[in-house]
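Have a look at the structure below, then the notes.
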Amino acid sequence: MIRRAQTDGELDGLPKHGIEAQKIRALLFCYGLKYDFCRFYVGEFHAGCAFLAELNGGFVLSECGVCGFEELAEFFVFCGFAEIFCSETAGERLSRLLPCRLEKVNVMRFKSSAVPCDIETEPPLGDVYGVLKTAFDIEYEPWYLDMSHRTRHGVTRFRRLDGSVLAIQHDINGEALLSQIATLPEKRGRGNARRLISAVCAELSESRVYVICEDGLLDFYRKSGFVHVGYACRLLSE
């Protein structure tokens, strides 16, 4: 049975660790249970359970034990989905049951020596977007609405160094996720992004620091001090 969570206590069983679990927890910290556009669900099965968060049609799934993937697939079809972010296991199982395209993404963990340096800790969101739009196809309004909410609640923090920016998407239970890493075209090739990453990892020295990337960025992140530790999946609706 899958039901919508009505109280925080219903999500107490969410795993303490794991990228999917921390993504759900970050959304809970940002939005809570009061908004209809951000929903949380709990699935209870015979030998396991699942926790889900939905923000504007994009789902995150964190599963424990043996889940009912057939029931989860029926739930996603009923609700409709644009994207589902989940573990490799869940992605492979659900991709056989849903009309979707499976994309595996690499999970990388920082394992090098971090070098601190002076970086800007509160760059204006408008300036951050000015850098990001040169590297990513993102619309300003939905990005700004989400990021301003996340930063206002202290979940997401941006950092900047000489034309490079990145987001500390969250830092929860000793696990931090970096994202939205980009450099202005005229500043590329100077090592600014790598210095920024190293400085932020020094700032996050008490946490395990992760990034999620596609195959084309593996070399960049390996040269930036990350090692490959596994896979996650994105299921994109067809």
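- For CD of E186, the number of neighbouring non-hydrogen atoms (other residues, nucleotides, ligands) closer than 6.0 Å is greater than 12.
- With salt bridges taken as basic N to acidic carboxylate O contacts below 4.0 Å, none links R93 and E63.
- A pairwise comparison of heavy atoms in L102 and C233 identifies CD1-SG, 3.6 Å as the closest pair.
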Practice problem: Before giving the answer on side chain to side chain contact (heavy atoms under 4.5 Å, CB included), spell out for C79 and F59 the whole-Å C-alpha distance, their side-chain angles and the decisive distance to 0.1 Å. | Solution: CA-CA 10 Å; C79 293; F59 284 87; 4.1 Å; yes
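- Residue L235 holds its CG atom at 9.5 Å from CD of E103, rounded to the nearest 0.5 Å.
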Exercise. Would you sort out whether Y231 and N106 count as a side chain to side chain contact (heavy atoms under 4.5 Å, CB included), showing the intermediate values?
Key: CA-CA 5 Å; Y231 295 95; N106 302 284; 3.2 Å; yes
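- Atom NZ of K104 has more than 12 heavy atoms from other residues, nucleotides or ligands within 6.0 Å.
- Residues L177 and K23 meet the side-chain proximity criterion, which asks for heavy atoms closer than 4.5 Å.
- Distance check: L97 CG to E92 CD gives 12.5 Å after rounding to the nearest 0.5 Å.
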Practice problem: Give the intermediate values and the outcome of side-chain hydrogen bond (donor to acceptor under 3.5 Å, both in side chains) for residues D171 and S207. | Solution: CA-CA 7 Å; D171 182 12; S207 296; 2.8 Å; yes
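- Taking all atoms of both residues into account, the shortest heavy-atom contact from S179 to Q169 is OG-OE1, 2.6 Å.
- Atom CZ of F78 is surrounded by 12 or fewer heavy atoms from other residues, nucleotides or ligands within 6.0 Å.
- You'll find the side chain of F81 reaches within 4.5 Å of the side chain of C100, heavy atoms only.
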Practice problem: Could you please spell out the steps behind the side chain to side chain contact (heavy atoms under 4.5 Å, CB included) verdict for L166 and F158? | Solution: CA-CA 6 Å; L166 65 72; F158 284 95; over 6 Å; no
Self-check item: side chain to side chain contact (heavy atoms under 4.5 Å, CB included) assessment of L217 paired with I181
Solution: CA-CA 11 Å; L217 289 171; I181 302 171; over 6 Å; no
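- Both L52 and L98 are members of a single hydrophobic cluster when ILVMFWY side chains are connected at heavy-atom separations under 4.5 Å.
- Of all non-hydrogen atoms in W143 and Q180, the two that sit nearest each other are NE1-OE1, 2.7 Å.
- Contact check for R160 versus P124: side-chain heavy atoms found under the 4.5 Å cut-off.
- Environment of CD in E214: sparse, with no more than 12 heavy atoms of neighbouring residues, nucleotides or ligands closer than 6.0 Å.
- Here the side chains of L55 and D146 are in contact, with some heavy-atom distance below 4.5 Å.
- Between L28 and L33 the shortest side-chain heavy-atom distance falls below 4.5 Å.
- Linking Ile, Leu, Val, Met, Phe, Trp and Tyr whenever their side-chain heavy atoms come within less than 4.5 Å puts V211 and L196 in one cluster.
- A donor-acceptor distance shorter than 3.5 angstrom exists from the side chain of H228 to the backbone of G230, with no hydrogens or angles considered.
- I197 pairs with exactly one of S224, S164, S112 by the side chain to side chain contact (heavy atoms under 4.5 Å, CB included) rule, that one being S224.
- The structure places CZ of R234 at 5.5 Å from CD of E83, a figure rounded to the nearest 0.5 Å.
- Side-chain rings of Y31 and H149 approach one another, their centers coming within less than 6.0 Å.
- Scanning both residues, V107 and A232, for their nearest heavy atoms gives CG2-N, 3.8 Å.
- The hydrophobic cluster containing I19 does not contain L178, counting ILVMFWY residues as joined when their side-chain heavy atoms lie under 4.5 angstrom apart, directly or transitively.
- Remark: the backbone N or O of I172 is not paired with any side-chain donor or acceptor of E175 at under 3.5 angstrom.
- Looking at heavy atoms from C-beta onward, T121 lies in side-chain contact with R159 at the 4.5 angstrom threshold.
- Put simply, L218 and F226 are part of the same group of oily side chains (I, L, V, M, F, W, Y) that touch within less than 4.5 Å, one to the next.
- Here CD of Q22 is found 7.5 Å from NE2 of H17. Values are rounded to the nearest 0.5 Å.
- The number of heavy atoms from other shown groups lying within 6.0 Å of CD (E122) does not exceed 12.
- By the rule that hydrophobic residues join a cluster once side-chain heavy atoms approach within less than 4.5 Å of another member, Y41 and L11 end up as members of separate clusters.
- No side-chain heavy atom of F76 sits less than 4.5 Å from a side-chain heavy atom of S237.
- Note that CD1 of I24 and CG of L61 are 7.0 Å apart. Values are rounded to the nearest 0.5 Å.
- Aromatic pair Y129/Y144: centroids not less than 6.0 angstrom apart.
- When atom types are taken as modelled, the side chain of R157 and the backbone of G154 share no donor-acceptor pair closer than 3.5 angstrom.
- Residues satisfying the side chain to side chain contact (heavy atoms under 4.5 Å, CB included) test with T134, not counting sequence neighbours, are L184, P185, R188.
- For the pair R25 and N173, the tightest heavy-atom approach, listed with the atom from each and the gap, is NH1-ND2, 3.7 Å.
- In this structure, L125 and M147 approach most closely via the heavy-atom pair CD1-C, 4.2 Å.
- Between R194 and F220 the shortest side-chain heavy-atom distance falls below 4.5 Å.
- Interatomic distance, OH of Y210 versus OH of Y221, reported as 16.0 Å (0.5 Å rounding).
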